[in-house]
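For reference, the structure is listed below as structure tokens.
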2 protein chains.
Amino acid sequence: MRLLPHPATDDIQLTEVLRALSDPIRLEIVARLATYGEMTCTVAGDSLGVHKSTASHHYRTLREAGLVLTKQEGRLKYMSLRRDDLEARFPGLLDSVLLATPVGGHA
Amino acid sequence: MRLLPHPATDDIQLTEVLRALSDPIRLEIVARLATYGEMTCTVAGDSLGVHKSTASHHYRTLREAGLVLTKQEGRLKYMSLRRDDLEARFPGLLDSVLLATPVGGHA
DNA sequence: TTTATTGTTTGACAACTATCCAACAATGCT
DNA sequence: AGCATTGTTGGATAGTTGTCAAACAATAAA
């Protein structure tokens, strides 16, 4: 099991988080992770209507913004939401965004 | 007193709100409006370190995203945060962003 | 070892963004 | 009428973004 590089909780920047969430594709990925928990990139990015390389760029953006944690096991990479870290850094923020973002929704 | 065009509450889009808030200059303007209430563009944009035309573009972005309401009185334009509209549309969102954004702060 | 799976990287490209500057428009004041 | 104030608009520009396609890398499975 190998962990990819992530920003420390204290280094997560509000504007970067908001920017990462401001793309509909990334918001949908985050909503899926919130609803179904940890999943592989392939599952998280299924039927989003974008090329897999595009999805891969979005995974990176989410990771570098501090929204998701990615760990590699074998040939799979598992992503999960950094809920606790985000709650500690920006209380209530993620919850309010998720409340407004149904999975498969209109956002 | 003249009101500029704004999106209706139901037409405010989450991703556009998040995108509007993801710029440090705009976030600072929003934080000022939240702290001090309605103010003119000149006051809201004072000592932000950008040209007045740049600031003007940011006012427009905030208005079109549904974050602020702008009304003209004489030659002044007053901006105010659409707190109630935003709370109705995305409960808790603005508060959590403001909680993480001190005026004159590091965001 | 060969093949399939999973995901990243690089290049290209069009669209968008933030910025400044200069000119303009609208209003109020003298 | 002339001037100052307040803010917007349009042009230019440099940088960023989202996207696809093709090639690649790493791992697992046959």
Side-chain angles (χ1 to χ4, degrees), chain A residues 1-6 13-30 32-33 36 38-65 67-80 107, chain B residues 1-6 13-30 32-33 36 38-65 67-80 107:
Chain A
M1 209 275 291
R2 198 162 59 84
L3 211 61
L4 272 63
H6 299 79
Q13 297 302 309
L14 178 59
T15 50
E16 289 183 31
V17 168
L18 295 172
R19 216 206 125 273
L21 291 172
S22 73
D23 179 275
I25 299 284
R26 287 192 294 262
L27 190 55
E28 171 68 21
I29 293 171
V30 167
R32 289 179 182 186
L33 292 172
Y36 304 115
E38 187 177 75
M39 54 179 74
T40 67
C41 293
T42 305
V43 172
D46 182 54
S47 51
L48 287 176
V50 295
H51 196 278
K52 64 172 180 171
S53 67
T54 302
S56 180
H57 286 303
H58 287 312
Y59 306 148
R60 176 208 269 253
T61 298
L62 290 171
R63 178 165 41 83
E64 290 181 346
L67 277 159
V68 309
L69 186 138
T70 309
K71 57 183 168 182
Q72 180 157 11
E73 279 180 64
R75 68 180 153 180
L76 301 181
K77 281 181 180 166
Y78 290 89
M79 288 192 297
S80 56
Chain B
M1 209 277 289
R2 198 162 59 83
L3 211 62
L4 273 63
H6 299 78
Q13 297 302 310
L14 178 60
T15 49
E16 289 183 30
V17 168
L18 295 172
R19 215 206 126 272
L21 292 171
S22 74
D23 180 276
I25 299 284
R26 287 192 295 262
L27 190 55
E28 171 67 22
I29 293 170
V30 166
R32 290 180 181 185
L33 292 172
Y36 304 115
E38 186 177 74
M39 54 180 71
T40 68
C41 292
T42 306
V43 173
D46 182 54
S47 51
L48 287 176
V50 294
H51 196 276
K52 63 171 180 170
S53 67
T54 301
S56 180
H57 286 304
H58 286 311
Y59 305 149
R60 176 206 267 254
T61 299
L62 289 171
R63 178 165 40 82
E64 291 181 346
L67 276 159
V68 310
L69 186 138
T70 309
K71 56 183 168 182
Q72 182 156 9
E73 278 180 64
R75 68 180 151 179
L76 300 181
K77 282 181 180 166
Y78 291 89
M79 289 192 298
S80 56

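No experiment lies behind these values; they were computed from the predicted model shown.
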Please state how far atom OH in A:Y78 lies from atom C1' in C:dT5, giving the value in whole angstrom units.
-> 13 Å
Between B:T54 and C:dC20, does any side-chain N or O lie under 4.0 Å from OP1 or OP2?
-> yes
Partners passing side-chain hydrogen bond (donor to acceptor under 3.5 Å, both in side chains) against A:H57 (at least two apart in sequence or in another chain) | none
When you measure from every atom of DNA chain D, which of residues 57-64 of chain A have a heavy atom less than 4.0 Å away?
-> A:H57, A:H58
With sequence neighbours excluded, what pairs up with B:E28 under the salt bridge (charged side-chain N to carboxylate O under 4.0 Å, His left out) test?
-> B:R32
Output all residues satisfying side-chain contact (heavy atoms from CB on, under 4.5 Å) with B:S80, sequence neighbours left out; order by chain, then residue number.
-> B:E38, B:L69
Write down the distance between CZ (A:R19) and C1' (D:dT17), rounded to a whole number of angstrom.
-> 7 Å
Output all residues satisfying side-chain hydrogen bond (donor to acceptor under 3.5 Å, both in side chains) with B:T54, sequence neighbours left out; order by chain, then residue number.
-> none
Rounded to the nearest angstrom, tell me the gap between atom CG in A:L76 and atom P in C:dT8.
-> 11 Å
Provide, to the nearest angstrom, the distance between the CG atom belonging to B:L4 and the P atom belonging to D:dT6.
-> 18 Å
Pairing residues for B:R75 by the side-chain hydrogen bond (donor to acceptor under 3.5 Å, both in side chains) criterion, not counting sequence neighbours | none
Who passes side-chain contact (heavy atoms from CB on, under 4.5 Å) against A:A44, sequence neighbours left out?
-> A:I29, A:M39, A:M79
Per-nt protein contacts along nucleotides 22-30 of chain D (heavy atom under 4.0 Å; B base, S backbone sugar-phosphate only, - none) come out as B----BSS-
Grab the NZ-P distance between B:K77 and C:dA25 for me, whole Å please.
-> 14 Å
Starting from P on D:dT16, measure out to CG on A:D23 and report it in whole angstrom.
-> 18 Å
Mind jotting down which residue pairs meet the salt bridge (Lys or Arg N to Asp or Glu O under 4.0 Å) criterion with at least one end in residues 45-64 of chain B? Sequence neighbours excluded, please.
-> B:R60-B:E64
Looking at side-chain heavy atoms only, is the closest gap between A:R19 and A:T61 below 4.5 Å?
-> yes
Any donor-acceptor pair under 3.5 Å linking the side chain of B:Y59 with the backbone of B:C41?
-> yes
How many Å lie between CD1 on A:I25 and P on D:dT17, as a whole number?
-> 17 Å
